[in-house]
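Here is the structure we will look at.
All values derive from a computational prediction rather than experimental measurement.
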Amino acid sequence: MPPKVKITKESILDASLDMIIKKGYPAVNIKSVAQALGCSTQPVSWQFGNMENFREELLNAAVGYANKKMTSNDADPLKTLWHIGIAYIDLAVNEPNLFRFVYMGESGIYHRGGFSSMTADKGNADLIERLCSDLSVDKDKIETFVQRLIIYTHGIASLLTAGVIHADKMTAVRMLHQFASEQLERIGANIDTSYLLEEAI
């Protein structure tokens, strides 16, 4: 019977993800991960085969971690979209190293495709259908709204992460709320969105 593997792939990924969050992706390498786990470099190398496989699985773990924070099953689709935006800004403010790794190209391997991929993604596509029904607005207008909101939110989050602008989370949230309200009015959705801001305060 082969010896039981003590250092699992999951424990390596967990330790690496924790290192990204606390120290940033440049701090992650086989030697530093092995040191964090209190083992030699051999188990880390053996579990992934090579650094390319390791980076890919680490990225998947990081994306999964971020997506879990953004998950919302609220019956109100606008509230669900708002939750995603708030979680995105929260990542930029509280876990900027992770945000940089996943959403600012630091991993070097995370690519979503063109702008259309923002609305074609299954989760977003389903949300768009729900928004169309709830707001009684044409699908093409809702797609434009969602795409612009994603781009605007990413812009704020990236500026915060890069340290180009200095602002607290609520300042960013209020800016996002104002933009979202203006865009909803622009596409003809007559809805009071103040409840979204009140929930975030």
Side-chain angles (χ1 to χ4, degrees), residues 1-74 80-113 117-118 121-124 150-173 176 200:
M1 178 183 289
K4 184 178 180 181
V5 176
K6 294 180 180 179
I7 305 299
T8 65
K9 183 177 284 190
E10 290 71 24
S11 66
I12 295 169
L13 291 173
D14 286 346
S16 302
L17 188 56
D18 185 62
M19 196 175 295
I20 287 177
I21 292 169
K22 292 177 179 175
K23 299 180 180 180
Y25 179 56
V28 178
N29 56 62
I30 290 178
K31 187 176 179 180
S32 64
V33 173
Q35 187 175 12
L37 290 168
C39 66
S40 69
T41 58
Q42 187 177 1
V44 181
S45 301
W46 180 78
Q47 285 286 3
F48 296 95
N50 57 53
M51 281 302 293
E52 185 179 345
N53 291 340
F54 172 62
R55 279 194 295 267
E56 187 173 340
E57 293 206 41
L58 179 55
L59 174 63
N60 290 336
V63 171
Y65 174 87
N67 285 345
K68 190 173 181 180
K69 287 179 173 284
M70 296 181 195
T71 300
S72 171
N73 297 314
D74 200 287
T80 297
L81 185 62
W82 179 247
H83 173 84
I84 295 169
I86 297 300
Y88 203 73
I89 289 175
D90 193 60
L91 275 174
V93 171
N94 297 317
E95 297 174 305
N97 290 327
L98 180 79
F99 187 91
R100 193 177 292 112
F101 174 66
V102 175
Y103 300 114
M104 294 180 71
E106 192 174 60
S107 71
I109 54 175
Y110 185 59
H111 306 290
R112 290 290 303 272
S117 67
M118 296 177 183
D121 170 86
K122 187 181 186 315
N124 288 347
I150 292 171
I151 292 169
Y152 186 81
T153 307
H154 184 80
I156 291 175
S158 296
L159 289 168
L160 289 170
T161 299
V164 175
I165 60 171
H166 299 280
D168 59 34
K169 179 182 172 181
M170 280 315 302
T171 298
V173 167
L176 180 59

### Query
Out of curiosity, Ile89 CD1 to Thr161 OG1, how far, rounded to the nearest 0.5 Å?
10.0 Å
### Stepwise side chain to side chain contact (heavy atoms under 4.5 Å, CB included) check, Ile84 with Thr153
CA-CA 10 Å; Ile84 295 169; Thr153 307; over 6 Å; no
### Query
From Asp90 CG over to Phe99 CZ, what is the distance, rounded to the nearest 0.5 angstrom?
11.5 Å
### Query
Any side-chain heavy-atom pair from Leu91 and Val102 closer than 4.5 angstrom?
no
### Task
Quick one: pull up NZ in Lys169 and CD1 in Ile86 and give me the separation to the nearest 0.5 Å.
6.5 Å
### Atom pair CZ/CG of Arg55 and Asn60 - distance to nearest 0.5 Å
13.5 Å
### Query
After noting the C-alpha distance and the side-chain angles of His83 and Asp74, does the key distance pass the side chain to side chain contact (heavy atoms under 4.5 Å, CB included) rule?
CA-CA 9 Å; His83 173 84; Asp74 200 287; over 6 Å; no
## Note on the structure
Taking every heavy atom of Asn97 against every heavy atom of Glu106, the minimum-distance pair comes out as O-OE1, 4.2 Å
### Task
Would you sort out whether Thr80 and Asn73 count as a side chain to side chain contact (heavy atoms under 4.5 Å, CB included), showing the intermediate values?
CA-CA 7 Å; Thr80 297; Asn73 297 314; over 6 Å; no
### Query
Which atom names give the shortest non-hydrogen contact between Thr71 and Asn67, and what distance separates them?
OG1-O, 2.9 Å
### Task
Check for a donor-acceptor pair, side chain of Arg100 on one end and backbone N or O of Gly24 on the other, with a separation under 3.5 Å.
no
### Message
With a 4.5 Å cut-off on side-chain heavy atoms, are Leu58 and Phe48 touching?
### Response
no
### Task
Using ring-ring contact (aromatic ring centres under 6.0 Å, His included) as the criterion, list what pairs up with Phe101, not counting sequence neighbours.
Tyr25
### Query
Is there a donor-acceptor contact under 3.5 Å from the side chain of Ser11 to the main chain of Ile7?
no
### Val93 versus Pro96, closest heavy-atom pair with distance
O-CD, 3.9 Å
### Query
Which atoms form the tightest heavy-atom contact between Ala27 and Ser32, and what is the distance?
O-OG, 2.8 Å
### Inter-residue atom distance Asn94.CG - Lys69.NZ, 0.5 Å rounding
8.0 Å
### Message
Angle between ring planes, Tyr88 versus Tyr103, binned at 30° and 60°: parallel, tilted or perpendicular?
### Response
tilted
### Summary
dist Leu159:CG -> Ile165:CD1 (nearest 0.5 Å) comes out at 4.5 Å
Show me the donor-acceptor pairs, under 3.5 Å and distance only, between side chains in residues 13-20 and residues at least two apart or in other chains.
from: Ser16; atom 1: OG; to: Ile12; atom 2: O; distance (Å): 2.8
from: Asp18; atom 1: OD2; to: Lys22; atom 2: NZ; distance (Å): 3.2

### Closest contact, heavy atoms only, Cys39 versus Pro43
SG-CG, 4.3 Å
## Note on the structure
Looking only at heavy atoms, the pair that brings Leu59 and Ile109 closest together is CD2-CG1, 3.5 Å
